Number of protein chains: 2
Amino acid sequence: MANPMYRQIAEDLREQIESGALKPGQQLWTELELRERYGASRTTVRDAIRWLTTLGLVETKPGQGTFVAQKIHPYVTTLTTSDPTGAGEQVAMYGEVDSYDYDAEGHERVPFNTEPQVEIRKAYGDVAAFLRLTEGSQVISRHQKRYIDATPWSLQTSFYPRGFAAQGADRLSDAGDIADGTIRYLFETLGLRQVGYRDWITVRAPDGTEAMFFNLPQDGRVGVFQVYRTAFDQTGTPMRLTMTVLPTDRNEFIVNVGEVPEISP
Amino acid sequence: MANPMYRQIAEDLREQIESGALKPGQQLWTELELRERYGASRTTVRDAIRWLTTLGLVETKPGQGTFVAQKIHPYVTTLTTSDPTGAGEQVAMYGEVDSYDYDAEGHERVPFNTEPQVEIRKAYGDVAAFLRLTEGSQVISRHQKRYIDATPWSLQTSFYPRGFAAQGADRLSDAGDIADGTIRYLFETLGLRQVGYRDWITVRAPDGTEAMFFNLPQDGRVGVFQVYRTAFDQTGTPMRLTMTVLPTDRNEFIVNVGEVPEISP
DNA sequence: GGGTATTTGTCCGTATGTATT
DNA sequence: AAATACATACGGACAAATACC
């Protein structure tokens with residue numbers, strides 16, 4: 001059995017999809033039709049469809065059928081800025097929609113952030129390590145959900161040492177937006193100046209909550225980026241950790257180093 | 001049927017894995033054992049195992065059994081450098097093994113690159129667009145495979161406009177390494193000075209060749225990073241495009257902006 | 001709203017092939 | 001060569017989701 005039958009069926013369907021004979025969004029044959037078409041059992045045609053599903057080429061909808069997967073117009077985030085001090089943080093930190101970013105119909109894409117959800121928590125593992133705090137230290141966490149054109153785009157949580165609030169930056173632990181951005185706020189209240197940041201990018205399977213929010217399949221076949229951004233103050237001490245989770249199927253990143261020209265539309 | 005039986009079985013096994021009761025590399029129960037354990041049919045326990053497989057928690061080996069997945073010690077690539085001119089390119093371009101990068105036993109990890117495989121090709125699609133060439137222009141492609149400690153780590157292809165060879169940089173189209181790095185070579189022969197670069201990072205499913213090389217499952221459940229690095233010369237013109245493909249299960253990226261302290265081991 | 005047809009999801013049983021020990 | 005374990009393939013039955021009348 002050089003090539004199993006379900007793989008041959010999958011290959012045949014794949015070619016039709018990639019050649020364009022079957023267009024995105026279009027309904028595929030039903031399992032019954034495929035069974036007759038290829039003279040195979042239902043198990044076998046279902047294995048073929050599952051193969052294509054894991055590859056991300058088709059998706060199945062109970063009660064409706066199997067459809068050729070739609071390509072999602074990706075959202076591009078630039079991780080580098082010309083202004084590492086974050087003075088323009090409000091728009092720079094995953095907030096920017098570049099002027100050339102339009103959807104298929106030419107509408108500008110509009111982002112929307114929920115109000116920050118604030119908690120006092122204890123820092124363990126990665127959070128403690130990145131902020132250089134001892135395990136179990138208290139931190140302020142500010143969590144936001146982000147949408148673009150009403151589709152869920154990212155989950156973001158920022159962590160600050162608990163002491164910041166006691167030292168004068170008390171609005172950190174209040175719910176609600178800090179209008180001019182937290183970086184400016186920390187400079188005005190504590191004299192902390194952000195001089196740079198480090199991003200650490202990984203990919204992993206989404207957990208249940210993330211899969212639910214992003215509308216991803218519960219099995220892990222669509223991964224998520226996990227970006228930890230550690231911001232440093234003028235003494236080289238971590239002043240903030242931001243963890244952002246974004247689905248890999250709708251996000252891309254840009255990194256600019258040195259002198260680079262603008263991106264042409 | 002609030003939760004299907006195969007999901008309940010999967011959850012039960014998952015908890016045992018994540019709690020540490022089942023350790024990485026350890027063999028799980030066989031299908032027959034699981035069938036008796038949970039009083040389910042073979043199909044159902046296989047569905048449970050398939051669920052865990054897609055999540056990346058276990059892997060199956062025909063004739064042997066099912067095993068808890070090993071975590072791969074990730075290799076970290078820093079995308080930003082303090083030297084955008086690429087003078088130290090030889091080690092900076094995905095070539096660097098940082099001094100703190102050791103494996104579990106404390107051995108330094110040693111990278112190995114194959115000799116470049118050189119071809120003259122026509123540029124289409126992304127390659128043409130990034131290099132700002134018209135579709136069908138000729139380009140020199142230099143392809144390398146990269147290993148770290150004998151495990152396949154990345155596939156890398158660099159593209160240069162064909163004209164570079166004719167204008168004096170003729171060794172570009174020769175097979176074999178260019179000892180001091182291509183960036184320095186292009187400066188010495190054509191006076192092209194690299195002033196910066198832009199990385200564009202995406203994630204997608206591997207194709208058949210990539211899955212084979214990286215030893216990834218043929219279905220797309222483990223994705224690959226695809227990093228396009230466009231290098232620009234002093235006139236803002238693209239002088240090189242490097243496409244690197246790396247499995248997401250063993251690679252991470254770092255981006256430094258502004259003043260950031262060294263990473264502590 | 002209810003009922004029916006359609007389609008995928010879950011689950012069972014069985015048999016045979018293939019890889020490994 | 002034999003035993004073991006996963007992979008492929010067939011068959012059937014009922015459940016759940018959706019669309020349509």
Side-chain angles (χ1 to χ4, degrees), chain A residues 1-14 22 25-70 211-212 215-221, chain B residues 1-13 17 22 25-70 211-212 215-221:
Chain A
M1 203 181 301
N3 246 356
M5 195 190 303
Y6 78 94
R7 291 285 298 276
Q8 292 178 31
I9 298 173
E11 270 314 305
D12 192 57
L13 293 171
R14 176 190 200 143
L22 295 168
Q26 187 178 339
Q27 180 164 7
L28 229 65
W29 298 278
T30 66
E31 291 175 354
L32 189 61
E33 287 167 338
L34 289 172
R35 230 181 96 167
E36 290 164 359
R37 210 180 149 81
Y38 294 101
S41 73
R42 188 169 166 223
T43 313
T44 304
V45 304
R46 276 179 64 77
D47 281 346
I49 289 174
R50 167 155 38 212
W51 186 266
L52 297 173
T53 303
T54 310
L55 281 172
L57 290 173
V58 305
E59 54 187 338
T60 58
K61 299 180 187 176
Q64 299 184 56
T66 307
F67 301 83
V68 181
Q70 304 266 11
M212 185 91 71
N215 218 343
L216 299 176
Q218 287 279 331
D219 61 7
R221 63 180 191 261
Chain B
M1 200 182 304
N3 246 358
M5 195 190 302
Y6 78 93
R7 291 285 297 276
Q8 292 179 31
I9 297 174
E11 270 314 304
D12 191 57
L13 293 171
I17 292 171
L22 295 168
Q26 187 178 341
Q27 181 166 6
L28 230 64
W29 298 277
T30 66
E31 291 174 353
L32 189 62
E33 287 167 338
L34 289 172
R35 225 180 102 166
E36 291 164 359
R37 210 180 149 82
Y38 294 101
S41 75
R42 174 139 185 255
T43 313
T44 303
V45 303
R46 274 180 65 77
D47 281 345
I49 288 174
R50 168 153 38 210
W51 186 266
L52 296 173
T53 303
T54 310
L55 281 172
L57 290 173
V58 305
E59 53 187 338
T60 58
K61 300 179 187 174
Q64 299 183 56
T66 306
F67 302 83
V68 181
Q70 304 266 11
M212 185 91 72
N215 218 343
L216 300 177
Q218 287 278 331
D219 60 7
R221 63 182 192 260

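A, B, ... follow the sequence lines: proteins, then strands. Residue 1 opens every chain. Being a predicted model, the structure only gives us computed values, none of them experimental.
Going from atom CD of E36(B) over to atom P of dG13(C) covers 13 Å, rounded to whole Å. Taking atom CD of Q8(B) as the reference point, atom C1' of dG9(C) lies 15 Å away to the nearest angstrom. Here dA9(D) presents its P atom at 15 Å from CG of L34(A), a figure rounded to the nearest Å. Taking atom CD1 of I49(A) as the reference point, atom C1' of dT8(C) lies 9 Å away to the nearest angstrom. Between F67(A) atom CZ and dT18(D) atom P there is a gap of 11 Å when expressed in whole angstrom units. Rounded to whole Å, atom P of dC12(C) lies 13 Å from atom OH of Y6(B). When the C1' atom of dC12(C) is taken as reference, atom CD1 of I9(B) falls 13 Å away, rounded to whole Å. Straight-line distance from the CG atom of L28(A) to the C1' atom of dT7(C): 13 Å, rounded to whole Å.
At distances below 3.5 Å, not a single donor-acceptor pair connects side-chain atoms of E31(B) with backbone N or O atoms of R46(B).
A close approach under 4.0 Å does occur between a side-chain nitrogen or oxygen of T44(B) and OP1 or OP2 of dC12(C). Put simply, T60(B) has a side-chain N or O that comes within less than 4.0 Å of OP1 or OP2 on dA7(D). For T30(A), no side-chain nitrogen or oxygen approaches OP1 or OP2 of dT6(C) to under 4.0 Å.
Remark: W29(A) CH2 to L13(A) CG distance equals 6.0 Å, nearest 0.5 Å. Atom CD of E11(A) and atom CG of L52(A) lie 8.0 Å apart (nearest 0.5 Å). The CZ atom of R50(A) sits 3.0 Å away from atom CZ of R50(B), with the distance rounded to the nearest 0.5 Å. Atom CZ of R221(A) is separated from atom CG of L55(A) by 10.5 Å, given to the nearest 0.5 angstrom. Annotation: the span from F67(A) atom CZ to K61(A) atom NZ amounts to 5.0 Å, rounded to 0.5 Å. With rounding to the nearest 0.5 Å, the separation of CG in L57(B) from CD1 in I17(B) is 5.5 Å.
Nearest-nucleotide positions on DNA chain D place R7(A) closer to the 5' end than the other of P62(A) and R7(A).
Nearest approach of A40(A) to R35(A), heavy atoms of both residues: O-CG, 2.8 Å. Taking each heavy atom of V58(B) and L28(B) in turn, the nearest pair found is CG1-CD2, 4.2 Å.
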What pairs of nitrogen or oxygen atoms, one from the protein and one from nucleotides 11-13 of chain D, lie under 3.5 Å apart?
{"unit_1": "dA13(D)", "atom_1": "N6", "unit_2": "R42(A)", "atom_2": "NH1", "d": "3.3"}

N/O contacts under 3.5 Å, protein versus nucleotides 19-21 of chain D?
none

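Counting only heavy atoms from C-beta on, P4(B) has its side chain closest to dT10(C) among dC6(D), dG9(C), dT10(C).
Nucleotide dA1(D) forms no Watson-Crick or G-U wobble pair with any nucleotide shown, as no partner meets the under 3.5 Å limit on both distances.
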